[in-house]
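Reviewing the structure listed below.
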Amino acid sequence: MSVHLHWFLPTGGDGRTLVDRHAYTDGGIRRDRITPVSGVRAPDIEYLAQIAKAAEQLGFEAVLTPTGTWCEDAWLTTVALTQVTERLKFLVAFRPGVISPVLAAQMAATYQRISRGRLLLNVVTGGDSTEQKRFGDHLDHDRRYARTDEFLQVVRGVWGGRPFDFQGEHYQVEGGLTALPPDPLPQIFFGGSSPAAGPVAARNVDVYLTWGEPPEQVRQKIEWIRGLAEKEGRTVRFGVRLHTISRDSSKEAWATAHRLLDDLDPDTVAAAQQALGKSESVGQQRMLALHGGSRDKLEISPNLWAGVGLVRGGAGTALVGSHAEVADRIEEYHSLGIEHFVLSGYPHLEEAYWFGEGVRPELAARGLLDAVPSPVAGLPAANGRPASAPGGAPLLIAGGR
């Protein structure tokens, strides 16, 4: 079982700070367009293309694009980026409650043809009623998961190539069909820590995602979902969503983590914790419980740092350490059954290089990665030799950044 490495597209903005904090300064309405903050980068398509190209060059398999009020639309943004990349896949997050399942199935089929098979789907049921209501969704937490269950049944049904009928509480479909089903079918990623979420994963998804909890808690989640899937006669694979701060030495990595905290004043942290505490998401509450809103003892497990979660919703932990130490932790999660690692870091462009040039070779040396085809493989240089061969294009040796 190889490790699959994925990166993150910050379509809500990026920078040298934990930029998500700006959503809490005034309820997230004004943002930094009116109150500029030093070091924040707008998510324009040129910058996102830099990240996507870097991720592809560094050997990441896919990039996750989030969904929500403060993000650029994931479908439109990523289909544009398929035109400036060659093999990078796009893990497109979307909310089932705000789109027809038949339309979503059709969009996915079109996307696969445009991208030549590079779409992955991340189904986000939603754990914040305030956010859901912005999009016209007024269902409560458990009913949202029940709707997601039906949604995914319909999507898979209409991908079958024949008219599909469905009668449920939330969807009634007669003759649903995608005239040209996607080829290949996109893998479906999904996360949820509540009792309502587990059966949905077991019945419908390919990859169950958890946020970066300590290994023992992750092991328990894997056993929970695996047991439910076995009862359904299915096999589910597993992934984890983490930030990363990897440097040439452990000291350098922790210094970077501490600098991110130094940039946060107590009022910002308190406002973020208050807002996040209102979330209905069980996963979010588990993230908050890891640090309790305190800056003390944020290393909750070896090289696992909960500082990001002081101000950021969703994934709130980071792997922090030397390249070898971060590789150790990935290997530890992998031994539990985690295949997919969806990673990120501030800023996302620079941190992609730190991880790609530092940690990825460590993982490859341990036999945990499949070979990634070189984008210059087979291309002749001016002298007729392969571009990667001596005498062809110059070889650039990474300096361990």
Side-chain angles (χ1 to χ4, degrees), residues 1 4 6 61-67 74-75 89-99 101-102 104-105 107-109 111-112 117-127 141-160 164 166 168 170-171 178 181-182 184-213 218-242 281-283 286 314-315 333 336-342:
M1 180 178 70
H4 298 269
H6 313 291
E61 182 175 332
V63 286
L64 168 64
T65 306
T67 183
W75 293 93
K89 297 178 182 179
F90 294 90
L91 180 50
V92 175
F94 71 99
R95 299 171 187 265
V98 299
I99 188 173
V102 179
M107 290 167 63
Y111 196 116
Q112 284 295 62
R118 292 191 279 149
L119 174 67
L120 307 170
L121 294 174
N122 181 33
V123 177
V124 180
T125 300
H141 177 277
D142 286 3
R143 292 182 68 203
R144 289 198 294 268
Y145 277 103
R147 180 180 58 198
T148 296
D149 196 355
E150 292 187 9
F151 183 98
L152 292 175
Q153 292 179 57
V154 173
V155 167
R156 290 199 183 277
V158 301
W159 279 343
F164 177 78
F166 184 87
H170 303 282
Y171 300 106
T178 49
L185 295 181
Q187 292 184 72
I188 296 175
F189 290 63
F190 167 94
S193 299
S194 70
V200 179
R203 284 191 287 265
N204 299 287
V205 310
D206 300 300
V207 180
Y208 174 83
L209 278 177
T210 179
W211 288 326
E213 299 177 4
V218 170
R219 182 191 65 78
Q220 293 172 10
K221 271 192 176 180
I222 289 174
E223 290 183 354
W224 170 48
I225 297 297
R226 185 174 281 154
L228 292 174
E230 287 175 355
K231 292 178 182 178
E232 298 287 341
R234 298 186 69 246
T235 299
V236 175
R237 298 186 300 280
F238 297 93
V240 65
R241 174 79 179 90
L242 286 158
S281 166
V282 173
R286 290 169 69 105
Y333 280 115
L336 300 176
I338 296 291
E339 295 181 49
H340 294 267
F341 291 81
V342 184

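Quick note: numbers below take in every heavy atom, side chains included, and nothing from hydrogens, waters or symmetry partners.
Scanning both residues, G239 and V207, for their nearest heavy atoms gives N-CG1, 3.9 Å. Here the shortest heavy-atom pairing between A196 and P199 reads O-CD, 3.8 Å. Residues Y171 and P101 share a closest heavy-atom pair of CE2-CD, 3.4 Å. Residue F190 comes nearest to N122 through the heavy atom pair N-OD1, 4.2 Å, listed as atom of the first residue, atom of the second, then distance. Contact between P186 and A108 at its shortest, heavy atoms only, is CG-CB, 4.3 Å. Shortest non-hydrogen contact noted between L152 and I188 is CD2-CD1, 4.1 Å.
Using the six-membered ring where Trp is involved, F151 and F94 have ring planes that are tilted, between 30° and 60° apart. The aromatic rings of Y208 and F238 stand perpendicular to each other, their planes meeting at an angle above 60°, with 30° marking the opposite boundary. The aromatic rings of H4 and H6 sit parallel to each other, their planes meeting at less than 30°, with 60° as the upper class boundary.
For the atom pair CZ (R234) and CG (N204), the distance works out to 6.5 Å, reported to the nearest 0.5 Å. Here CD1 of I99 is found 6.0 Å from CH2 of W75. Values are rounded to the nearest 0.5 Å. To the nearest 0.5 Å, atom CD of residue E61 and atom NE2 of residue H340 are 6.5 Å apart. The line from OG1 of T178 to CE of M107 is 13.5 Å long, rounded to the nearest 0.5 Å. To the nearest 0.5 Å, atoms CZ (R203) and CZ (R156) are separated by 13.0 Å.
Q112 places a side-chain N or O within 3.5 Å of a backbone atom of L119 that can act as its donor or acceptor partner. Using a distance-only test at 3.5 Å, with no hydrogens or angles considered, a donor-acceptor pair links the side chain of E150 to the main chain of H170. With R118 contributing its side chain and A62 its backbone, the two residues share no donor-acceptor pair below 3.5 Å. One N or O on the side chain of W159 and one on the backbone of A105 form a donor-acceptor pair closer than 3.5 Å. Not a single donor-acceptor pair under 3.5 Å links the side chain of R241 to the backbone N or O of L209.
Of the candidates R226, Q220, R219, R219 is the only one forming a side chain to side chain donor-acceptor pair (under 3.5 Å) with E223.
A 4.5 Å side-chain heavy-atom check between V282 and R286 finds at least one atom pair inside the cut-off. By the 4.5 Å heavy-atom criterion applied to side chains, L64 and F189 are not counted as neighbours. Counting only heavy atoms from C-beta outward, the side chains of I222 and I338 approach each other to under 4.5 Å.
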